[in-house]
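Residue numbers start from 1 in every chain, and the chains themselves are labelled A, B, ... in the order their sequence lines are given, proteins ahead of strands.
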Protein chains: 2
Amino acid sequence: MSTATPADSACCLPTFQGPLTTEEAEPLAAVFKAVADPVRLRLLSLIEHTEDGEACVCDLTAPLGLSQPTVSHHLKILVEAGLLTRTQRGRWAYFAVQRPALDEFGSLLRRRRETAA
Amino acid sequence: MSTATPADSACCLPTFQGPLTTEEAEPLAAVFKAVADPVRLRLLSLIEHTEDGEACVCDLTAPLGLSQPTVSHHLKILVEAGLLTRTQRGRWAYFAVQRPALDEFGSLLRRRRETAA
DNA sequence: CTCACGTATTGACGAATTTCGATGAGTGGT
DNA sequence: ACCACTCATCGAAATTCGTCAATACGTGAG
């Protein structure tokens with residue numbers, strides 16, 4: 001890496017640019033809250049690894065072992081958080097990962113994976 | 001900001017290595033839950049930007065406008081999540097950020113900061 | 001139009017979370 | 001030994017969250 005662009009690397013950079021106000025902390029917490037649930041993390045991982053990169057509700061209830069309204073509820077939260085997109089096609093609603101948003105969690109999740117088991 | 005070229009990054013890599021099981025998702029959700037609260041995010045940002053890189057409870061109640069038990073409670077959650085360390089010195093308990101753990105959130109938080117406004 | 005199907009919403013319930021005041025535990029000075 | 005101080009824990013109130021059954025909505029087929 002000749003052109004060292006520390007855009008992403010965490011080295012020597014403060015995690016926060018300064019003390020957060022409540023107004024600043026609120027939206028950040030909201031995003032984290034969206035992924036602070038095992039079911040929603042599983043949803044994201046399931047959808048990311050589908051054949052076509054998208055899935056409808058009916059594809060997701062079985063793997064999770066949850067009712068359809070519950071799955072719909074979690075999906076809505078993920079869409080509102082900007083982590084999923086929803087496109088209606090015919091009777092079905094297809095959900096796909098919102099790449100840029102999900103990528104923000106990429107390095108974090110991959111690092112966790114290594115230190116996990 | 002136009003020079004945005006992710007270094008460590010996420011390009012072309014899947015965020016999840018595969019569909020998560022409940023057992024895998026659980027600990028991940030736990031970490032996110034720790035930071036899924038405005039008060040706790042403010043605590044982290046406050047402690048990171050103290051003179052000595054550490055703070056006691058009494059330093060933190062005023063900036064947050066919360067009671068001492070409440071602040072203690074949030075600090076405990078952050079310590080248990082591995083995001084803060086606690087060292088008792090005399091009557092005081094000093095809390096400092098756990099660098100490696102907090103750095104995992106670095107790139108994510110900095111990117112959010114830019115797109116916030 | 002009507003019906004079947006996939007999905008969203010509503011209402012309800014128990015569980016978890018956030019917050020506080022009161023109290024308990026540990027430390028250091030007098 | 002006592003007291004003042006810092007912090008943790010307990011108990012409780014208010015709120016939020018996760019879940020489901022029941023129901024409403026919207027779409028395409030017949």
Side-chain angles (χ1 to χ4, degrees), chain A residues 20 22-23 25-47 50 52 54-81 83-96, chain B residues 20-23 25-44 46-47 50 52 54-81 83-96:
Chain A
L20 293 175
T22 300
E23 290 70 29
E26 206 86 51
L28 286 176
V31 184
F32 286 127
K33 206 179 295 186
V35 294
D37 182 288
V39 172
R40 290 196 283 272
L41 285 175
R42 296 190 67 198
L43 272 173
L44 291 172
S45 69
L46 277 169
I47 295 174
T50 50
D52 307 328
E54 59 183 13
C56 56
V57 180
C58 55
D59 293 331
L60 299 166
T61 56
L64 295 177
L66 290 173
S67 71
Q68 175 265 314
T70 299
V71 173
S72 267
H73 172 238
H74 286 300
L75 288 170
K76 180 176 184 175
I77 289 176
L78 290 171
V79 169
E80 286 174 345
L83 295 169
L84 287 181
T85 59
R86 192 200 112 115
T87 40
Q88 181 114 23
R89 221 150 54 226
R91 306 177 188 172
W92 291 267
Y94 291 92
F95 295 86
Chain B
L20 292 175
T21 65
T22 301
E23 290 71 28
E26 205 86 53
L28 286 175
V31 183
F32 287 127
K33 206 179 296 187
V35 294
D37 184 288
V39 173
R40 290 195 284 272
L41 285 175
R42 296 190 68 197
L43 271 173
L44 290 173
L46 278 170
I47 295 175
T50 51
D52 306 328
E54 58 183 13
C56 55
V57 180
C58 55
D59 292 333
L60 299 166
T61 56
L64 295 176
L66 292 172
S67 71
Q68 175 264 316
T70 299
V71 173
S72 268
H73 172 239
H74 286 299
L75 287 172
K76 179 176 185 176
I77 290 176
L78 290 171
V79 168
E80 287 174 345
L83 296 169
L84 287 181
T85 60
R86 192 200 112 113
T87 39
Q88 182 112 23
R89 221 154 51 228
R91 306 176 189 172
W92 291 267
Y94 290 93
F95 295 85

Run the side-chain hydrogen bond (donor to acceptor under 3.5 Å, both in side chains) test against [X] and tell me which residues pass, sequence neighbours left out.
| X | answer |
| --- | --- |
| B:His74 | B:Arg40 |
| A:Thr22 | B:Arg42 |
| A:Ser67 | A:Thr70 |

Taking all heavy atoms of [X] and all of [Y], pick out the closest pair and write down the distance.
| X | Y | result |
| --- | --- | --- |
| B:Ala36 | A:Ala36 | CB-CB, 4.1 Å |
| A:Ile47 | A:Ala96 | CG2-CA, 3.8 Å |
| B:Ala34 | B:Ala81 | CB-CB, 3.5 Å |
| A:Ser45 | B:Leu20 | OG-N, 2.9 Å |
| A:Val71 | A:Leu60 | CG1-CB, 4.1 Å |

### Message
Can you build the contact string for nucleotides 25-30 of chain C? Use B for base contact, S for sugar-phosphate-only contact, and - for no protein heavy atom under 4.0 Å.
### Response
--BBS-
### Message
At under 4.0 Å between heavy atoms, how does the protein contact nucleotides 16-21 of chain C? Give one character per nucleotide, 5' to 3', with B, S or -.
### Response
-SSBBB
### Task
Report which part of the nucleic acid A:Phe95 touches: base, sugar-phosphate, or nothing (heavy-atom distance under 4.0 Å, all strands).
sugar-phosphate
### Query
Between which nucleotides of DNA chain D, read 5' to 3', does contact with chain B run, using atoms under 4.0 Å from its heavy atoms?
D:dC5 to D:dT9
### Task
Measure the spacing between CG of B:Leu43 and CD1 of B:Ile77 and express it to the nearest 0.5 Å.
10.0 Å
### Query
Step by step, would you call B:Leu41 with A:Phe32 a side chain to side chain contact (heavy atoms under 4.5 Å, CB included)?
CA-CA 10 Å; B:Leu41 285 175; A:Phe32 286 127; 4.2 Å; yes
